[in-house]
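Just below is one structure, and these are the notes that go with it.
Values below: all heavy atoms of this structure, side chains included; hydrogens, waters and symmetry mates excluded. Per chain, numbering begins at 1; letters A, B, ... match sequence-line order.
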Amino acid sequence: METHKAKRVAIIIEEPMERRLTAALDGAGVQGYSILPVLGGSGRSGGWTADGQLGRSGMRQVVCIIRPERLDDLLTAAFKVVDRHMGVVTVSDCDVLRAERF
Amino acid sequence: METHKAKRVAIIIEEPMERRLTAALDGAGVQGYSILPVLGGSGRSGGWTADGQLGRSGMRQVVCIIRPERLDDLLTAAFKVVDRHMGVVTVSDCDVLRAERF
Amino acid sequence: METHKAKRVAIIIEEPMERRLTAALDGAGVQGYSILPVLGGSGRSGGWTADGQLGRSGMRQVVCIIRPERLDDLLTAAFKVVDRHMGVVTVSDCDVLRAERF
Amino acid sequence: MENVLSLALNNLLSPIILSFALGLFAALARSELTIPEAVAKGLSIYLLFAIGFKGGVAVTKNGLDSTLIMTLMAGLVLSALLPLLAFALLRTLTKLDTVNAAAVAGHYGSISIVTFVAGTSVLESSGITSEGYMVAVAAVMEAPAILSALWLISRGSGGARMDAGLWREILLNGSIVLLVGSFFIGMATGQKGLDEIGPFIVAPFKGVLCLFLLDMGLVAGRGLRQAKGTITFGLLAFGIVMPLASSVIGLAMGAAIGLSLGGIVLLMVLCASASYIAVPAAMRVAVPEADPAIYLTLSLGVTFPFNLTVGIPLYLALATMFSGAA
Amino acid sequence: MENVLSLALNNLLSPIILSFALGLFAALARSELTIPEAVAKGLSIYLLFAIGFKGGVAVTKNGLDSTLIMTLMAGLVLSALLPLLAFALLRTLTKLDTVNAAAVAGHYGSISIVTFVAGTSVLESSGITSEGYMVAVAAVMEAPAILSALWLISRGSGGARMDAGLWREILLNGSIVLLVGSFFIGMATGQKGLDEIGPFIVAPFKGVLCLFLLDMGLVAGRGLRQAKGTITFGLLAFGIVMPLASSVIGLAMGAAIGLSLGGIVLLMVLCASASYIAVPAAMRVAVPEADPAIYLTLSLGVTFPFNLTVGIPLYLALATMFSGAA
Amino acid sequence: MENVLSLALNNLLSPIILSFALGLFAALARSELTIPEAVAKGLSIYLLFAIGFKGGVAVTKNGLDSTLIMTLMAGLVLSALLPLLAFALLRTLTKLDTVNAAAVAGHYGSISIVTFVAGTSVLESSGITSEGYMVAVAAVMEAPAILSALWLISRGSGGARMDAGLWREILLNGSIVLLVGSFFIGMATGQKGLDEIGPFIVAPFKGVLCLFLLDMGLVAGRGLRQAKGTITFGLLAFGIVMPLASSVIGLAMGAAIGLSLGGIVLLMVLCASASYIAVPAAMRVAVPEADPAIYLTLSLGVTFPFNLTVGIPLYLALATMFSGAA
Ligand SMILES: Nc1ncnc2c1ncn2[C@@H]1O[C@H](COP(=O)(O)O)[C@@H](O)[C@H]1O
Ligand SMILES: Nc1ncnc2c1ncn2[C@@H]1O[C@H](COP(=O)(O)O)[C@@H](O)[C@H]1O
Ligand SMILES: Nc1ncnc2c1ncn2[C@@H]1O[C@H](COP(=O)(O)O)[C@@H](O)[C@H]1O
Ligand code: NA
Ligand code: NA
Ligand code: NA
């Protein structure tokens, strides 16, 4: 199968910031992303779990497959939102099928 | 710890196609996969969210850790299902513990 | 954007073992991890789905971004828990923003 | 005529419709209000179980009318043929291509169970009884329209769209199984069964329906917000003309079979309503090139609220006039 | 005898059992019908809370019988010893190795709270009262069987299976805490508390139970579909002989203690039922090499439906005959 | 005085408070008992819908009192000014920096809708009526406190914290929209609407509240377990002194406006309660450097249980004495 090089950006971010992040991604011309639930975790500010929570507490994971040349725009946009907030931003290499879609 | 090279295939696919995809993976002799929920996202066909949805709308992520030599079979099988449908297929390198299990 | 090399460890594990795994990670000095839900899957012991399940059945995915030099400690700790149990442990390379946080 | 208006107004001011309006408003105003997917699914399981069960119990009371078989057959035929009417209308009123027109048409042959429930509520508050087996007719009308839509498409482009897997999925989809299953449970246990679980499936029913319609309003509103631009004037017209036309056909059919007034109204409601659960899922599998934004917005954002507010009272008025005239 | 049959038939035709059958059918027919995990957990929280609370209120009415302590002790002992019987039976009837046999045995010492609830329903519709504290006995019987199973295994292979964490998990698992906690709340608030929340925990109870058993049917059906091949004839026989044997032991014990007819029946039901929530989770942690397909399918796919349909009416008939004879 | 104690004891022994205690215990004992996020959200949607609706219906009965506008204005002012009092108290009693003190202060100007509901329950069982529009006052008091908190912060550090997005999120947050929306639905449909959906939103209300408070107890308990060390003696004192002080201000305000006894008590409860849903989310967006462990634990782990157990009966006693004296 023919594949193309791409970058996979995964951003773990607080739920109240989710909309701002996706708005920033849209603004930076990012074509696609998916949002995954996070059930709990632990970090410098202690552990947490989504169980029984109301409101917009907890974290989300935003995953974004992107052409390598667009990576810097994305990271700049994401960083502005994440900056002072909790959250982890990782980038890894991947190969993608049907690259014409990106 | 001793690790072995493997491939991680992640397929984001529409929920109504999930069963067909897993059936195709089973058919191609894929030994294991896990299915993760997707809460929402955005792509060429606009944004969506799983909130309040009934029926089998939305997307799923199927993750599959596989020996490198089996990758092509898997991609061929998956591609047949995903072909005309929405969805993203990515492949990345990883190391896996307890490779004898695959 | 300035990034640093890191490792992404993803452990798919049975739900009843989740607490033991996170306790082991805490014990090994791992600074952060996130827990993601898994809806279903298939493996050597057959297929399963979380639909309609009670109690702590099913699987979870624990994701951990970590400095490369800490990887071995983490894997050793995780392996002790996963050892005789179902589950998949993968390691991949990634770049991480704001590495000072780890 | 005055009656129709006051009935419609009455209907508009029910907590059920106003809950839908609240959801619509919240979504259009981009409020953070959401209902978790699991809760929405839980509510719909409750509703399907309750309505099927009550239908089955009603059958044990009214007896298995000799017209039952005919009504079921009529349902099958209507579900299979209404898509052809819809397709013709769409080709006249809009510029949709074959694939999209056929996909939309499939939705209008099938039914919306919530619109059916709302119809039952209106009948109830008007003190009109109906045949208990209309629930079974609803179940029967879910699937045939899908086949007609696929036939319309394959006629044009060639290439079979059906496989055994899709067949099973359509016929054994969750809502059909739950509706038909609880219908049989209701028939088997009758009034005694209803006495046992009535405090769960009868008394709180309308309240649950409010929360469910709040969710439907949220989903419809989100759809409308995203779809502006997609929904042309022609599509909008179709979304209102089609249920009107279908309801008249349902009226004729129901009268010909000899259904009661309530039965006729429910058949009209079934004809006039459009699917937004079973058919969309089937279309994503079989016709991925059709645009979900079009058929979902039309069915959930236009025809559903139209039926809920104007349609149902109107169909009741039409059927009443017709019965009076007959 | 005629009575037993008509009672069994009556039980079979209740909406509760038929809902289980519907779920079983849907899963075996591979329908898309599913109940979200969160909804299933919500239903089970409701049931545990309601049953515990009502048990507590019942205690304030009937008073704290002098037999309470003895019944609790009997529960502990039965839960701890029934696994030994199960283990012996399994080694006779099947070819399971020590580890798997012990794991299965643990399930049969422990209890299924839903079977207990179904037993209560049957008693209620037969107009038979029972000791309110039987709920507490149910709670007490959840855990000891796990220890016996682990002892059976470590006896063979050596090596401790218990650690402090597992202890806490077993004793403070969600269903025990909720059941015992709401039992005490019911005791503390009595009839006055029941008046306040009765419309929530009494009236709709059976209806909620229907949806819950629909889900149990779905889960059991999926298990059976996957397990064909795993479940040999010997295992099947065990899944039916074991509850029969246990129920007779429960009968003897209950009569010896001097429980009422209703109390005896419930103790029989507790003995005859097998766990499918608490014990499986503990086994996954402590005995990962045991095959979940075996113990889950036996307990949820064989013994659970057997008790629900044939078992409970039979236990009631046995206890009635015995009381009459005594 | 005796009355106050017996009322408090009565309140403590209600199933609602005991359910909270059970949740707290389970979490502190690290039980596995959890309530899925979707279920918790579903319960809160039910409660908000029911309480808003019933408030709206009450308004159609009691009429739109001339004091309505004044009470709404009072709510706005109290919500905006109480944070200043809280801030001053915090700077005196604790060593919190400006940012954290302001964030905590914002929570205490805003309100907890569950505490409000608990207050209504206590009034009800004491047979005291209150103004139906107090629900609307609750809605009005949610947001202004957030602005005050942000003002307190920007005064210190400079730099605007508000943007248009945050404005919309605060004013259109889910609970405000649902509460106000169902309030209007209740007003529009009146007693007739209540008759339709009463079996859903009235009869089972208290039972649902029990499960909801079980969840609140679990969440509060988990928070307390994690926060030990974070909560100093000064903070603890603040979490009890602040609601007492606020309630007295509410008492004065309510009496000045001329509210009924019930209305005064509810205003006191609103003043005394602290937010744990709307304000935390806003703070995470606007003031990420403030520590959630502090404000969440204070509001949910200290002030919430204090109000539920001691506070509400005390406020009722105070208001009764005051009314008697006046
Ligand atoms: N190294 C990490 N790997 C994975 N997830 C993390 C990591 N660090 C933090 N997180 C997630 O981000 C949340 C907040 O992290 P923190 O700001 O460090 O408290 C945690 O509770 C985790 O869910
Ligand atoms: N580049 C991407 N990265 C991550 N997820 C994507 C991407 N593109 C599409 N998706 C997901 O796939 C769905 C359908 O994509 P599309 O077919 O482009 O509309 C989106 O709503 C996302 O959930
Ligand atoms: N190769 C794999 N890729 C992804 N997930 C897997 C894989 N193998 C196993 N799993 C997951 O782990 C569970 C248990 O695997 P097993 O122990 O092989 O039965 C499966 O049901 C999957 O959810
Ligand atoms: Na139709
Ligand atoms: Na047992
Ligand atoms: Na306040």
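Considering only heavy-atom pairs separated by less than 4.5 Å from chain C, the leading option among G87(A), A78(A), S42(A) is S42(A). Counting heavy-atom pairs closer than 4.5 Å to chain C, the top residue among S92(A), G41(A), A50(A) is G41(A). Taking chain C as the reference chain and counting heavy-atom pairs below 4.5 Å, the highest number among V88(A), V9(A), V91(A), L71(A) is found for V91(A).
If you take CG on D93(A) and CG on D95(C), they are separated by 7.5 Å, rounding to the nearest 0.5 Å. Note: R60(C) CZ to L39(A) CG = 5.0 Å, rounded to the nearest 0.5 Å. Taken from CG in L75(A) to CD in E2(C), the straight-line distance is 12.0 Å, to the nearest 0.5 Å.
For the pair V38(A) and S34(C), the tightest heavy-atom approach, listed with the atom from each and the gap, is CG1-CB, 3.9 Å.
For D73(A), no part lies under 4.5 angstrom from a heavy atom of chain C. Heavy-atom distances place both the backbone and the side chain of L36(C) under 4.5 Å from chain A. V82(A) touches chain C through backbone and side chain together, each having a heavy atom under 4.5 Å away.
Of the possible polar contacts, none joining the R98(C) side chain to the F79(A) backbone as a donor-acceptor pair under 3.5 Å is found.
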